[in-house]
J.: 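Structure provided below as structure tokens; questions to follow.
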Amino acid sequence: MSAWLRDESPLSPGACDDERRTDVFTYLRGEGRHHTAQVTAAGAGWLASAGPYPRSTLSLWEARPTAPGVLPCGVLFDIVNVPAVFGRRMLDRLWSDGPGSGPVATHRGRMMLFAAPGTAQRLPSLLSWEEWGRSAPEGAPPTVPPLLCHGSGDAVTVPSLVPAVGPAPRWVVAPDTRHPWLPGPEVLLWACVRASRPTLRTPVARPRDSSVTRLPGTRR
């Protein structure tokens with residue numbers, strides 16, 4: 001399987017020689033350059049290891065650093081593919097109230113959350129079992145939109161190592177280590193349930209300990 005989408009590659013044969021000669025991995029290792037949405041050299045190595053020929057994939061990335069690639073799912077990671085707005089709410093919950101997320105990318109109005117292998121098979125079953133879906137008023141649309149889960153036998157388009165111009169796939173949370181943490185189906189189920197109720201707030205109980213000292217004139 002080719003690691004590149006030829007019709008989306010701006011660095012096709014005949015591109016500028018200077019651009020082809022760019023040492024993308026030196027660029028990715030540059031101190032002080034990294035931020036959340038930029039892949040590191042270690043992250044690039046992790047992505048390449050998803051395919052059967054990591055060295056060939058890295059060579060293609062070096063030749064075409066601004067072109068998106070195609071990687072298989074099911075061995076190194078699964079993908080949970082959700083509408084962008086709902087995906088943003090999931091990310092907000094994961095980072096504000098939960099354990100955080102693994103790598104995340106956006107493409108064509110969708111958000112792709114990288115998940116632990118096996119998630120694509122288990123998450124739909126957990127979602128169909130969860131009782132929260134029954135709490136919506138009769139006739140109301142579902143609070144969680146249909147999810148696309150990509151696992152064994154599937155392949156996905158991943159953003160380029162170096163940010164490209166135009167409507168290309170982009171990293172929201174880029175891989176930055178050789179072994180990034182990936183959420184499992186239970187964590188993503190929790191995020192879906194929380195994101196489906198964006199206005200839900202858990203009241204914080206005030207302590208009623210009589211031993212608490214209060215300033216004169218204050219009320220309980």
J.: Which atom pair, heavy atoms only, marks the closest approach of Arg88 to Met111?
T.: N-SD, 3.8 Å
J.: Name the atoms and distances for all side-chain donor-acceptor pairs under 3.5 Å in residues 115-122, with sequence neighbours left out.
T.:
unit_1	atom_1	unit_2	atom_2	d
Thr119	OG1	Ala116	O	2.7
Arg122	NH1	Glu186	OE2	3.3
Arg122	NH2	Glu186	OE2	2.6

J.: So, taking the atom named SG in Cys149 and the one named CG in Leu127, what distance separates them when rounded to the nearest 0.5 Å?
T.: 7.5 Å
J.: My understanding is that only residues two or more places apart in sequence, or in another chain, count here; which of them pass side chain to side chain donor-acceptor pair (under 3.5 Å) with Trp95?
T.: Ser101
J.: Return the set of residues passing ring-ring contact (aromatic ring centres under 6.0 Å, His included) with Trp46 (not counting sequence neighbours), or none when no residue passes.
T.: Phe77
J.: To check you understand the geometry: which heavy-atom pair defines the closest contact between Cys73 and Ile79, and what is its length?
T.: SG-CG1, 3.9 Å
J.: Of the non-hydrogen atoms in His150 and Asn81, which two are nearest, and what is the gap between them?
T.: NE2-ND2, 3.5 Å
J.: Evaluate the side-chain contact (heavy atoms from CB on, under 4.5 Å) criterion for residues Met90 and Leu188: first the C-alpha distance (whole Å), next the side-chain angles of each, then the deciding distance (0.1 Å), finally the verdict.
T.: CA-CA 8 Å; Met90 288 180 66; Leu188 291 178; 4.1 Å; yes
J.: For a 4.5 angstrom cut-off between non-hydrogen side-chain atoms, does Phe86 reach Cys192?
T.: yes
J.: At what distance, to the nearest 0.5 angstrom, does OG of Ser125 lie from CG of Leu189?
T.: 11.0 Å
J.: Check whether any side-chain heavy atom of Phe114 lies under 4.5 Å from a side-chain heavy atom of Val104, and answer yes or no.
T.: no
J.: Hey, are the side chains of Pro68 and Pro159 touching, using non-hydrogen atoms and a 4.5 Å cut-off?
T.: no
J.: Under a 4.5 Å cut-off applied to non-hydrogen side-chain atoms, are Leu94 and Asp92 in contact?
T.: no
J.: For a 4.5 angstrom cut-off between non-hydrogen side-chain atoms, does Val158 reach Val70?
T.: no
